**Q** 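Pasting in a structure now, in structure tokens, and then I'll have a few things to ask.
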There are 2 protein chains.
Amino acid sequence: MYRIGELAKACNINHDTLRFYEKNALLTPSSRSESGYRLYTEKDKDILEFILRAKNVGFTLSEIKELLSIEVDKANNACADVKTLVDTKLQTVENKLAELIRFQASLKRLSDACCGGEESAEHCTILEALESDTNAVRHEHHHD
Amino acid sequence: MYRIGELAKACNINHDTLRFYEKNALLTPSSRSESGYRLYTEKDKDILEFILRAKNVGFTLSEIKELLSIEVDKANNACADVKTLVDTKLQTVENKLAELIRFQASLKRLSDACCGGEESAEHCTILEALESDTNAVRHEHHHD
DNA sequence: ATACACCTTTGACTTAACTCCAAGGTCAAT
DNA sequence: ATTGACCTTGGAGTTAAGTCAAAGGTGTAT
Ligand SMILES: [Zn+2]
Ligand SMILES: [Zn+2]
Ligand SMILES: [Zn+2]
Ligand SMILES: [Zn+2]
């Protein structure tokens, strides 16, 4: 049996996070002491570690809640259910990835076109690109 | 001169967003009508378009505020200042990118190991991976 | 005159995942 | 008996970038 501080320390998280997980029905301690202290079992700790691993893989807490609901009733859930969650998440990750790659390309294009020197920014190609309605970076008239 | 609704429509944003930008000192209308209506000039519109373009490139509003402060005083700012903002942003984008790529790899590894069939999830490799303390996916004992 | 679209202001709400605070109870050691 | 560490609860604050609502003023067309 772990008290809240012990479990938090063992798993290297804030004890308030445990209270937060409880409030959000991700992890409820198996029992309470007479005086009302939360008491977590080894099994509770296993669930917490499941949560932390899923978080590391990129799942949000509500997705993790879904995963947990399958976990506790594996027999009545199919591989398909689990894989769907993973694949849906994979898709959203890949969408974000695509957006970031567009950001990266735009920023790289801007950065590459600017000399980065101590010259006045009056002819800075970066500012010019952000002022103009095209996205084009014009290299030619950057400082005469 | 544009009234708030006209500018919002012209730039395809919510008029509340314009008020929000004003509150956050990104764009203040050049004048007001006698009755207090906000009046935006063409120049104001240019600034708004600058903001929207910068957003599209991935800058946050506070970063855009910095860019704008350089924009309005180009003569006293150097290319180096502008490029630093872009490169700093590029770095944070690339950091996020790296994290997402890790998520993607983990999820793909999980997904690939699971059959996704209608079999009970009792031996689902995804759940097993999330239960175990290693990150390894064990292909071998997925449904006997 | 009255409908109607448009404008004003203040201020609350949203999402995610915590994080912190205040006021007070519990427990072991001194 | 009194520290001091630990626990309890409820509730507020954080960040980003808006979005919405309420209550009321303005401007124009019929
Ligand atoms: Zn330059
Ligand atoms: Zn430059
Ligand atoms: Zn399977
Ligand atoms: Zn499976």
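In the text below, chain A, chain B and the rest are named by the order of the sequence lines, each starting its count at 1. Predicted model, so just to flag it, every value in this text is computed and none were measured.
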**Q** Base, sugar-phosphate, or nothing for A:Lys9, non-hydrogen atoms under 4.0 angstrom?
**A**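 Nothing, no heavy atom under 4.0 Å.
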
**Q** With B:Lys45, which residues qualify under salt bridge (Lys or Arg N to Asp or Glu O under 4.0 Å), at least two apart?
**A**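 Residues passing salt bridge (Lys or Arg N to Asp or Glu O under 4.0 Å) with B:Lys45: B:Glu49.
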
**Q** Hey, does the side chain of B:Ser106 reach the backbone of B:Arg102 with a donor-acceptor pair shorter than 3.5 angstrom?
**A**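 Pair found, side chain donor or acceptor close to backbone of B:Arg102.
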
**Q** The criterion is salt bridge (Lys or Arg N to Asp or Glu O under 4.0 Å); which residues satisfy it with B:Glu22, sequence neighbours excluded?
**A**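 Residues passing salt bridge (Lys or Arg N to Asp or Glu O under 4.0 Å) with B:Glu22: B:Arg32, B:Arg38.
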
**Q** Give me, pair by pair, the N or O atoms of the protein and of nucleotides 11-15 of chain C that are less than 3.5 Å apart, along with how far apart they are.
**A**
none

**Q** To the nearest angstrom, how far is B:Leu61 atom CG from D:dT19 atom P?
**A**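 Distance, rounded to whole Å: 11 Å.
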
**Q** End-to-end bend of the helix from C:dA1-D:dT30 to C:dT30-D:dA1 (five-pair axes, 10° rounding)?
**A**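 For the helix from C:dA1-D:dT30 to C:dT30-D:dA1, the axes at either end differ by 40°.
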
**Q** Using a 4.0 Å cut-off on heavy atoms, which residues in residues 91-105 of chain A reach DNA chain D? List them by number, or say none.
**A**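 Nothing qualifies; none.
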
**Q** B:Val72: which other cluster members, linking ILVMFWY side chains closer than 4.5 Å, directly or transitively?
**A**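 So far as hydrophobic clustering goes, B:Val72 is joined with none.
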
**Q** Is A:Met1 isolated, or which residues cluster with it under the ILVMFWY side-chain rule of less than 4.5 Å, directly or via members?
**A**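 Cluster partners of A:Met1: A:Leu39.
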
**Q** Under 4.0 Å: is that the gap between some side-chain N or O of B:Ser62 and OP1 or OP2 of D:dA16?
**A**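 No, outside the criterion.
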
**Q** If Ile, Leu, Val, Met, Phe, Trp and Tyr residues are connected whenever their side-chain heavy atoms lie under 4.5 Å apart, and connections chain through other members, are A:Val86 and A:Ile70 in the same group?
**A**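 Yes, A:Val86 and A:Ile70 fall within the same hydrophobic cluster.
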
**Q** Do any side-chain nitrogens or oxygens of B:Arg3 fall under 4.0 Å of OP1 or OP2 in C:dC6?
**A**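 So the side chain of B:Arg3 is outside the cut-off, no N or O lying under 4.0 Å from OP1 or OP2 of C:dC6.
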
**Q** Using a strict 4.0 Å threshold on nitrogen-to-oxygen distance, state whether A:Glu6 and A:Lys9 make a salt bridge.
**A**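 No, no charged N to carboxylate O under 4.0 Å.
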
**Q** Please state how far atom CZ in B:Phe59 lies from atom P in D:dA17, giving the value in whole angstrom units.
**A**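 About 13 Å, once rounded to whole Å.
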
**Q** According to a hydrophobic-cluster definition based on side-chain heavy atoms being under 4.5 Å apart (Ile, Leu, Val, Met, Phe, Trp, Tyr only), do A:Ile4 and A:Tyr37 belong together?
**A**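 Different clusters: A:Ile4 never reaches A:Tyr37 through Ile, Leu, Val, Met, Phe, Trp or Tyr contacts under 4.5 Å.
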
**Q** For D:dT9, does either OP1 or OP2 sit under 4.0 Å from a side-chain N or O belonging to A:Arg38?
**A**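 Yes, A:Arg38 has a side-chain N/O under 4.0 Å of OP1/OP2 on D:dT9.
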
**Q** Just checking, is any N or O donor in the side chain of A:Glu99 or A:Asn95 under 3.5 Å from an acceptor N or O on the other one?
**A**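 There is no such pair between these side chains.
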
**Q** Looking at A:Lys74, I want to see if its NZ is surrounded by more than 12 non-hydrogen atoms of other residues, nucleotides or ligands under 6.0 Å.
**A**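 Yes.
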
**Q** B:Phe50 and B:Leu68: which non-hydrogen atoms are nearest, and at how many Å?
**A**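 Smallest interatomic distance, heavy atoms only, reads CD2-CD2, 3.6 Å.
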
**Q** Between protein and nucleic acid, restricted to nucleotides 27-30 of chain C and to nitrogen or oxygen atoms under 3.5 Å apart, what atom pairs and distances do you find?
**A**
residue	atom	partner	partner atom	Å
C:dC27	OP1	A:Ser35	OG	3.0

**Q** Using whole Å, what does the distance between atom P of nucleotide D:dC7 and atom CG of A:Leu7 come to?
**A**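 Distance check: A:Leu7 CG to D:dC7 P gives 10 Å.
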
**Q** So, OP1 or OP2 of C:dC18: does either fall under 4.0 Å of a side-chain N or O from A:Lys55?
**A**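 For C:dC18, OP1 or OP2 has a side-chain N or O of A:Lys55 closer than 4.0 Å.
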
**Q** For residues 83-95 of chain A, pull every pair meeting salt bridge (charged side-chain N to carboxylate O under 4.0 Å, His left out), keeping only residues two or more places apart or in separate chains.
**A**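 Sorted pair list: A:Glu63-A:Lys89.
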
**Q** For B:Asp16, is there any backbone N or O sitting under 3.5 Å from a side-chain donor or acceptor partner on B:Asn14?
**A**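 Such a contact is found between B:Asn14 side chain and B:Asp16 backbone.
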
**Q** So for atom CG, which belongs to B:Asp73, do other residues, nucleotides or ligands contribute more than 12 heavy atoms lying within a distance under 6.0 Å?
**A**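 Yes, enclosed.
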
**Q** Can you tell me how far P of C:dC6 sits from OH of B:Tyr2, to the nearest Å?
**A**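 Atom-to-atom, B:Tyr2 to C:dC6, this comes out as 17 Å.
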
**Q** Quick check on C:dA17: is either OP1 or OP2 less than 4.0 Å from any side-chain nitrogen or oxygen of A:Asn14?
**A**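 For A:Asn14, the contact criterion (side-chain N or O under 4.0 Å from OP1 or OP2 of C:dA17) is not met.
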
**Q** So, using side chain to side chain donor-acceptor pair (under 3.5 Å) as the criterion, who are the partners of B:Tyr2 when residues are at least two apart?
**A**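 By the side chain to side chain donor-acceptor pair (under 3.5 Å) rule, B:Tyr2 matches B:Glu42.
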
**Q** Tell me the interatomic distance from B:Ile4, atom CD1, to C:dC6, atom C1', rounded to whole angstroms.
**A**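 To the nearest whole Å, that distance equals 11 Å.
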
**Q** Using a strict heavy-atom distance below 4.0 Å, which residues from residues 64-72 of chain B are in contact with DNA chain D?
**A**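 By residue number: none to list.
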
**Q** Please state whether the phosphate of C:dT9, meaning OP1 or OP2, lies under 4.0 angstrom from any side-chain nitrogen or oxygen of B:Arg32.
**A**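 Yes, within the criterion.
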
**Q** Output the rounded distance in Å from CG (B:Leu52) to P (D:dG18).
**A**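 So the CG-P distance, B:Leu52 to D:dG18, works out to 9 Å.
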
**Q** Could you state the CD1-P distance from A:Ile51 to C:dC18, rounded to the nearest angstrom?
**A**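 Going from A:Ile51 (CD1) to C:dC18 (P), I get 10 Å.
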
**Q** What residues, two or more places apart in sequence or in another chain, satisfy side chain to side chain donor-acceptor pair (under 3.5 Å) together with B:Asp81?
**A**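 Here no residue qualifies.
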
**Q** Minimum heavy-atom separation for A:Cys124 to A:Cys114, with atom names?
**A**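 Heavy-atom minimum between the residues: SG-SG, 3.9 Å.
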
**Q** Please report the distance, rounded to the nearest Å, between CG in A:Leu18 and P in D:dC6.
**A**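 It works out to 15 Å between those atoms.
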
